[in-house]
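So the structure is just underneath, and the comments pick up after that.
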Amino acid sequence: MLINFEVTNFRSFKETATFSMEAATKGTGSMQFNSTNTMKVGKHKLLKSAVVFGANASGKSNLMKAVYALYLIVTNSTKDSTEKIFTNTFAFNNENTKFTIQFIKNRKHFFYTLEYNEDEVVFEELLIDEKFFLGRKAQQFSIPEQLEQFKKSIRKNQLLLFVAQSFNIEEAMEAFSWFKQDLFFLNDSGKSNPLFEALKDYSFKNKFLAILKEADFNIIDVEIIEKPLAPINIIIGDIVASEDSIIVSHIRDNGEIFKIRFDDESRGTKVFAMIVFYLIMSSKDIGKIILIDEFNSSFHLALALQILDLIHREKQNNQFILTTHETSLMDYGLRQDQIYFTEKNEFGETEIFSLFDFDDPLLMSKNPKYKKNYLIGRFGAVPSLDPFTLKRILEGDDE
């Protein structure tokens, strides 16, 4: 489970920005929706969801991209000494990028820090349950004994965590597996689709189809087509399946059934299907962190509200991080510490902050109406537009 994440000098985040999934335990709104929207993991009280609001180009998506960048760097080692480490610094400056992330895996508290530039790892450290496990400052290493004989082979552009897990050091493997197995980006088509195996289970498939039907997606069946050993094509209706595929059946108004690949469904259908997967599996496979960028672009508001209800079920034990422009979600069953805002300053630097951070008498009321007060600028993070100026520019004569 994710506790918090910090990013420095990546895309629009120039200064250190902190995003936390740790629930407030006291203060304004800290007891609101306590049994549904939070969960206890060890000594930590964590949020089941966080929703990030903000104007266009304010940095909402950059938060997701920062987490994704760290995921890529950790799970994909450089192949040789000449390969660059992926980064995307603020205004393409030459300063280091830094990520810090805290998470829980197998009841252990991991604290991982990475500072680097495209050529080398400048600093790296892994703490487990607040105790130092491994680290480096450039090419000076403090490592488990099993790695001592290999330390001269560790390249400057290679992560120590990746090397340690590749030598089957248990604690490093646990930390690595959190990135590899527990982080999911629903906008990332590059990851293997966990639906493929799950739909082979009869009970899962029935529940999956029932939820899709109730949500009015007009899907009556799904089929799993596995790639044949021989290089032949399988024809299903008008579909040629030459590789592993999920085939979805729909029904027209005249009762005719037609089939398409799951990959060819709309973005909203695919994202909802994956959300349903994690919601069904939450009682068995807990501890996943699901990130969905532009949540509002995929669903009608009524469906988006239903999804929040499902995420906040007491028995749901995964975490969801969403970005959205749909301000109506603010007033629908969210705690103040679940509502985040991104805002750019005059220099194009993104700041991220929580509604819980505000010391505002309004937030003490029984019905604070977050959306209304957000739209009038009480919390910032709204577009700064002058419609009269825009109209005057558009209607002015060309020079």
Side-chain angles (χ1 to χ4, degrees), residues 1-2 21 23 29 32-41 45-53 64 182-188 193-195 197-199 201-220 222 246 248 262 265-340 370-371:
M1 307 303 288
L2 178 65
M21 291 295 285
Q32 194 176 29
F33 308 115
N34 198 40
S35 63
T36 55
N37 296 26
T38 70
M39 55 187 159
K40 199 75 166 41
V41 183
K45 181 182 176 183
L46 301 178
L47 298 170
K48 290 185 180 179
S49 74
V51 187
V52 185
F53 300 88
M64 302 295 207
D182 294 353
L183 274 179
F184 290 89
F185 305 83
L186 293 201
N187 305 84
D188 165 34
N193 193 332
L195 269 177
E197 292 299 323
L199 286 169
D201 181 86
Y202 182 78
S203 61
F204 175 91
K205 178 178 174 178
N206 282 347
K207 187 175 289 189
F208 179 78
L209 287 172
I211 294 174
L212 291 181
K213 181 179 179 181
E214 187 64 26
D216 201 25
F217 274 92
N218 187 31
I219 293 175
I220 61 172
V222 289
I246 299 175
V248 181
F262 177 75
E265 289 282 359
S266 69
R267 180 181 185 274
T269 299
K270 289 187 286 189
V271 171
F272 184 75
M274 293 308 303
I275 291 173
V276 170
F277 166 81
Y278 290 111
L279 292 174
I280 294 175
M281 298 299 290
S282 63
S283 60
K284 301 177 182 178
D285 195 13
I286 64 172
K288 307 305 181 186
I289 300 89
I290 299 97
L291 297 92
I292 310 174
D293 196 16
E294 299 182 354
F295 182 68
N296 58 289
S297 69
S298 299
F299 309 113
H300 186 279
L301 175 59
L303 182 55
L305 296 179
Q306 288 182 10
I307 291 172
L308 282 184
D309 275 341
L310 295 174
I311 289 173
H312 296 145
R313 285 167 30 249
E314 288 196 36
K315 294 182 180 180
Q316 201 289 118
N317 293 304
N318 293 314
Q319 292 176 304
F320 288 79
I321 302 171
L322 319 172
T323 72
T324 184
H325 294 296
E326 184 50 78
T327 54
S328 296
L329 298 181
M330 288 184 188
D331 293 326
Y332 192 79
L334 290 176
R335 293 160 50 100
Q336 292 169 21
D337 51 3
Q338 291 179 276
I339 299 174
Y340 272 85
Y370 303 141
K371 174 183 175 180

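Atoms considered below: every heavy atom in the structure, side chains included; atoms not considered: hydrogens, waters and symmetry mates.
- Side chain to side chain, Lys213 and Asn218 fail the donor-acceptor criterion of an N or O pair below 3.5 Å.
- Counting only heavy atoms from C-beta outward, the side chains of Phe320 and Leu291 never approach each other to under 4.5 Å.
- Put simply, OG on Ser49 and CZ on Phe295 are 9.5 Å apart, with the number rounded to the nearest 0.5 Å.
- Between Glu314 and Ser35 the shortest heavy-atom distance is CG-O, 3.5 Å.
- Between Gln319 and Met1 there is a side-chain heavy-atom pair separated by less than 4.5 Å.
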Worked verdict on Lys48 versus Asn317 for side-chain hydrogen bond (donor to acceptor under 3.5 Å, both in side chains): CA-CA 7 Å; Lys48 290 185 180 179; Asn317 293 304; 5.0 Å; no
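- For the pair Lys45 (side chain) and Met39 (backbone), a donor-acceptor distance under 3.5 Å is absent.
- The side-chain heavy atoms of Leu303 and Ile307, taken from C-beta on, include a pair separated by under 4.5 Å.
- Val51 has its side chain out of reach of Thr323: every pair of non-hydrogen atoms, C-beta onward, lies at least 4.5 Å apart.
- Leu322 CG to Ile290 CD1: the interatomic distance, rounded to the nearest 0.5 Å, is 10.0 Å.
- Two residues are said to be in side-chain contact when any heavy atoms from C-beta on lie closer than 4.5 Å; Arg313 and Thr36 fail this criterion.
- A 4.5 Å side-chain heavy-atom check between Met64 and Phe185 finds every atom pair outside the cut-off.
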CA sep, side-chain torsions, deciding dist, call: Ile321, Ile292, side-chain contact (heavy atoms from CB on, under 4.5 Å): CA-CA 6 Å; Ile321 302 171; Ile292 310 174; over 6 Å; no
Phe272 and Phe217: CA distance, side-chain angles, deciding distance, ring-ring contact (aromatic ring centres under 6.0 Å, His included) verdict: CA-CA 10 Å; Phe272 184 75; Phe217 274 92; 4.8 Å; yes
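- By the 30° and 60° cut-offs, the orientation of the rings of Phe184 relative to Tyr278 is tilted.
- Side-chain contact between Leu310 and Gln316 is absent, with no heavy atoms from C-beta onward closer than 4.5 Å.
- Side-chain contact of Gln338 with His312: a donor-acceptor pair under 3.5 Å is present, judged by distance alone.
- For the atom pair CD (Glu197) and CZ (Phe277), the distance works out to 10.0 Å, reported to the nearest 0.5 Å.
- Remark: side-chain polar atoms of Asn318 are paired, donor with acceptor, to backbone N or O of Lys288 under 3.5 angstrom.
- Glu326 and Thr324 share no donor-acceptor pair across their side chains, judged by distance under 3.5 Å alone.
- With Asn37 contributing its side chain and Leu47 its backbone, the two residues share no donor-acceptor pair below 3.5 Å.
- Side-chain N or O atoms of Thr269 include none that pairs as donor or acceptor with a backbone N or O of Glu265 at under 3.5 Å.
- Surrounding NE2 of His325 are more than 12 heavy atoms belonging to other residues, nucleotides or ligands, all under 6.0 Å away.
- Taking 4.5 Å as the limit, every side-chain heavy atom of Ile339 sits out of range of all side-chain heavy atoms of Val52.
- Separating the CG atom in Leu301 from the OG1 atom in Thr327 is a distance of 9.0 Å, to the nearest 0.5 Å.
- To the nearest 0.5 Å, the span separating CG on Asp182 from CG on Leu2 amounts to 11.0 Å.
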